[in-house]
Every structure is written in C-alpha cells, then in structure tokens.
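Have a look at the structure below, then the notes.
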Amino acid sequence: MINKTVSTVSEALTGIEDGMTLMLGGFGLCGIPEKAITELVRLQLTQLTCISNNAGVDAFGLGLLLQQKQIKKMIASYVGENAEFERQMLSGEMEVELIPQGTLAERARAAQAGFPAFYTPAGYGTEVAEGKEVREFNGKMHVLEQAFDADFALIKAWKGDEAGNLIFKGTARNFNPNMCGAAKITVVEVEELVSAGSLDPNQIHVPGIFVQRIFQGTDYEKRIEQRTVRSKS
Amino acid sequence: MALDKNGIAQRIAQELKDGYYVNLGIGIPTLVANYIPNHIAVEFQSENGVLGMGPFPFEGEEDADIINAGKQTITTLEGASFFDSATSFAMIRGKHVDLTILGAMEVSQTGDIANWKIPGKMVKGMGGAMDLVASAENIVVAMMHTNRAGVSKLLKKCSLPLTGVGCVKKIVTELAVMDVGPTGFILREIAPGVSIYEVIKVTAGDIHVAEDVCVMSF
C-alpha cells in the first residue's frame, strides 16, 4: 500500500504558491474543500486562478478568497448569490470566464483522462464559442474545448483511506471525482480517514492513484445555501 | 384568465410521459414536479448529480449533502442514484434525458433561447443550461409571455446573448401553448378565458394560429 496521508492541511498544501491555478470541487457550498479554502486564506496567497463551478457566497466558500482579493481569475459556470463577486467582475478587478457546466466537468475529466481536447455541442452559436474551433459531426455543429491545466486540485470526499481511495456522499460528489488527478497535485480532505483495508474495494468511487495527499478535516460547517423544507402536517 | 405560475407548471406536466427522465430548471419548471399524473412513472434528474429526486425534506431532516441544482435541500425517492458531474452531463449530452423544461428571458421564432446574461446588468452564468439546450431533443420553455416592463419575450430574433440556437420546440406561458414552426410560432392552445387576439398582441415574433387551436384543458 502506498500511503498518501498527511497530518495537517498546511502539510497537504505544501508547494502551493501565488499565481497558481487551482481546481476546487463543490456545487454551490455542497462538497467544497472547506479546510483547504481556510488555509488558502491563512496563507494569503494572491493572483490565483480558480476553477470551480461556483464562487461561494459572500462570507463562505470561495467568497472568503474573494473578500481578501486573492483571486485574479475565476473560471466557473454560475456565479449568482455573491455580491462581492459581482462587484469585482463588473469593476474589472477580477477576470471571469463563464463556461457551460458540462464543459467544465468534461474539461476536468479530460485532464484526468489524458485527452487534450474534445468536441461538445454546448455553446455553439453563443459567445462561448467565439474564437474556438468549430466542426460539424453528423450534421450538428460542435465546439472544440481544451482540458484544464491546473497546479492543484482541492477535493472534498466523505470517507477515504490511507491509500487515497475515496467515497463520496450524496450530491457532495459533484465535480470532486472528475477533478481528482486532473491537476499536477491532488489534495483530498475527508470527514473520516480510515486505515487501508477498511473500505470495501467494490464501493470505491475514486481509486487512490488519482490522489497525492489525503488528510482528515474536523468541524465541517457544511453550510446550507437554500434550506427548503415541508411541514409534517 | 391568464394562468399563474402553478397553472403553467400544471399544463407542462401534461407533456410528461410514462418512463421519462426529466430535467427541471430553476423557477416555474421546479413546480412541474407537483403535478405528475398519477398513472405514470417519471424520474427527475438534477444536473448536480442526482436521479430520482423527491420532495423537500421535513423540517429537521434536511441534509447539507443532498441538494438540487437550485441548491435547495431535497430528498431522494426509492431507486434514486447519485453520480459525478461528468456522468450527469453524459446523461444530458448523450440524450438519455427525455425531456428538459427550463425558463427563459427570450425565445425567438426560430427556437433560439437566451436566459443567462443581460450585458452590463446581470451576469449569473449559464450553469448547465447551454449543455441542456445544445443536446436535448425535447425542450419545453416555461415562462411569462412578457417581461416586467410588459415587453414580449417571444421575438423574431433574441436581443440578449444566446444560450442556444434553434433548440426550443415548445413554449408554455400564462396565456398560451406555442410550438416553434418553420415560419414562426404556432399557437396551439390558449389559457381559459384568454382570447387569440390577446396572445397575438403580446407576441412580437411572427405567429400563426393552428387550425385546431383550442383552450387548454386541465
């Protein structure tokens, strides 16, 4: 067994520097790497390019990095619900590239799987396709999209073992499995870190080969963005 | 009288067929889940990674790890599954999802749709909408016929940045059900108490009245 464990978040983020490109898992605030984000704030890294489906809310998730003006460029698919984000985008302080959600997932997966680029129909005929190669397949137009090229992937899983094997819970899975192995170094934080052999190999969502470092986080806040309930009556 | 948002959702629910996998967008489309006909089985897909989405949880039972694409807490039904985002969009891009219902700011008479950006005013992003409209063969738009200023959202040509080109097949508003035809919108149904003239008046694009135009039935 190749042991991937590190004991702290700072050890896990060793080598991370100003100006790097980071890929972060999560959909809204669900399944985001809370501990890694807190550490990025503490390290006061700047000029970061962040690839993530969303940009957090004003005071949580990637919103914490926005408040400290640590992000130079954001690549995302949906950025509503964040006033500071909108301000920095409209004032031109931060560069923003909005891309279709499926394209974002596939650009991560392509990087993970060793594909330099792929054709997708998403965005054809829109400003997303401007400046990109287009090609017809089976009578339908497609846009050439390239794999991401990131330095670190920051991932949140539910359970993991010392070998870096991962299991996710619910919709906290989202982009996390696609981003594992899609950057030069993949760092995973888990709610529960167990010894190798404790997880059923049949139930592993991401094999440890895609993971370089794994650590256990504590006190996850898991903030809910839209608490919607029905009454029992 | 014009329908309310629930009425629009109720009419769209008539488009659901037994065995359909359906993706519901945010807003009016979400309400469609409340009107599934009793005799059919459908499953709702949410692009953040769940198939077999159920109703909102009871108070106190919400789980931060189980949400829909609108970031609302949800539950799952028997037979549900969770998956990653690439798999989710494989379902969408690969045409495994049978019906997509989404909102729009504008629709053109050639089936173009705009729903993600108002230059200089609002830039929230396209989310999964561009992937959905580029691949789905069965897209129903749920929206109000006019915007808040009373201006028609059914146009000859969209004025806002596009989400997709030539993809919308059917539109359901508070006033009417329309198809996108070869030379303009085709008025198929009118809401109870609404006249054909009223619909034509607030439709900026070319509109043809179907020979068998009828009143929506519920």
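Numbered from 1 within each chain, the chains take letters A, B, ... in sequence-line order.
The choice from B:K71, B:M130, B:E59 that makes the most heavy-atom pairs within less than 4.5 Å of chain A is B:K71. Of all the listed residues (A:A76, A:P100, A:A172, A:G123), the one sharing the greatest number of non-hydrogen pairs under 4.5 Å with chain B is A:P100. When B:A114, B:S85, B:G49 are compared by the number of non-hydrogen pairs under 4.5 Å with chain A, B:S85 comes out ahead. Your options are A:V79, A:I224, A:N174, and the one with the most heavy-atom pairs under 4.5 Å with chain B is A:N174. Note on B:I74, B:T87, B:V123: by heavy-atom pairs under 4.5 Å with chain A, the leading option is B:V123. Of the residues considered (B:V165, B:I66, B:I67), B:I67 shows the highest number of contacts with chain A, using heavy-atom pairs under 4.5 Å. For chain B, the option among A:S77, A:A108, A:C30, A:A105 with the highest count of heavy-atom pairs below 4.5 Å is A:S77.
In this structure, the side chain of B:H145 does not engage the main chain of B:L175 through any donor-acceptor pair within 3.5 Å. Listed for the A:E34 side chain is no donor-acceptor partner under 3.5 Å among the backbone atoms of A:E189. Between the side chain of B:T203 and the backbone N or O of B:G205, no donor-acceptor pair lies under 3.5 Å. Listed for the A:N178 side chain is a donor-acceptor partner under 3.5 Å among the backbone atoms of B:A86. Checked by atom type and distance alone, the side chain of A:W158 never pairs as donor or acceptor with a backbone atom of A:V190 at under 3.5 Å. Checking side-chain atoms of B:T163 against main-chain N and O of B:N115 turns up a donor-acceptor pair under 3.5 Å.
Salt bridge status for B:D65 with A:R173: absent, with no side-chain N to carboxylate O gap under 4.0 Å. A salt bridge does not link B:D84 with A:R109: none of the charged nitrogens is closer than 4.0 Å to a carboxylate oxygen. Under 4.0 Å is where a charged nitrogen must lie from a carboxylate oxygen, and between A:R107 and A:E97 at least one such pair does. Comment: A:K169 does not engage A:E191 in a salt bridge, judged by the lack of any side-chain N to carboxylate O separation of less than 4.0 angstrom. Salt bridge absent: B:E137 and B:K169 never bring a charged side-chain N and a carboxylate O closer than 4.0 Å.
For B:A129, no part lies under 4.5 angstrom from a heavy atom of chain A. Both the backbone and the side chain of A:E225 come within less than 4.5 Å of a heavy atom of chain B. When heavy atoms are compared at a cutoff of 4.5 Å, A:F27 approaches chain B by way of both its backbone and its side chain. In this structure, chain A has heavy atoms under 4.5 Å from both the backbone and the side chain of B:E47. Residue A:L29 does not touch chain B at all, counting heavy-atom pairs closer than 4.5 Å. Proximity to chain B (any heavy atom under 4.5 Å) is shown, for A:V96, by neither the backbone nor the side chain. When heavy atoms are compared at a cutoff of 4.5 Å, B:F56 approaches chain A by way of both its backbone and its side chain. For a residue to count as touching a neighbouring chain, one of its non-hydrogen atoms must lie under 4.5 Å from one of that chain's; by this rule A:S231 touches chain B with the backbone only. When heavy atoms are compared at a cutoff of 4.5 Å, A:N176 does not approach chain B at all. Proximity to chain A is absent for every atom of B:D112, based on heavy atoms less than 4.5 angstrom apart. Heavy atoms of B:T76 lying under 4.5 Å from chain A are absent altogether.
Judged by distance alone, the side chains of A:T228 and A:Q226 never bring a donor and an acceptor atom under 3.5 Å apart. Remark: the B:E106 side chain and the B:S159 side chain contain an N/O donor-acceptor pair separated by less than 3.5 Å.
The only option from B:V177, B:N6, B:T173 that meets the side-chain contact (heavy atoms from CB on, under 4.5 Å) definition with B:R11 turns out to be B:V177.
Listed by sequence position, A:K140 are the residues of residues 130-146 of chain A in contact with chain B, using a 4.5 angstrom heavy-atom cutoff.
Residues B:Y35 and B:L16 are not in side-chain contact: their nearest non-hydrogen atoms beyond the backbone lie 4.5 Å or more apart.
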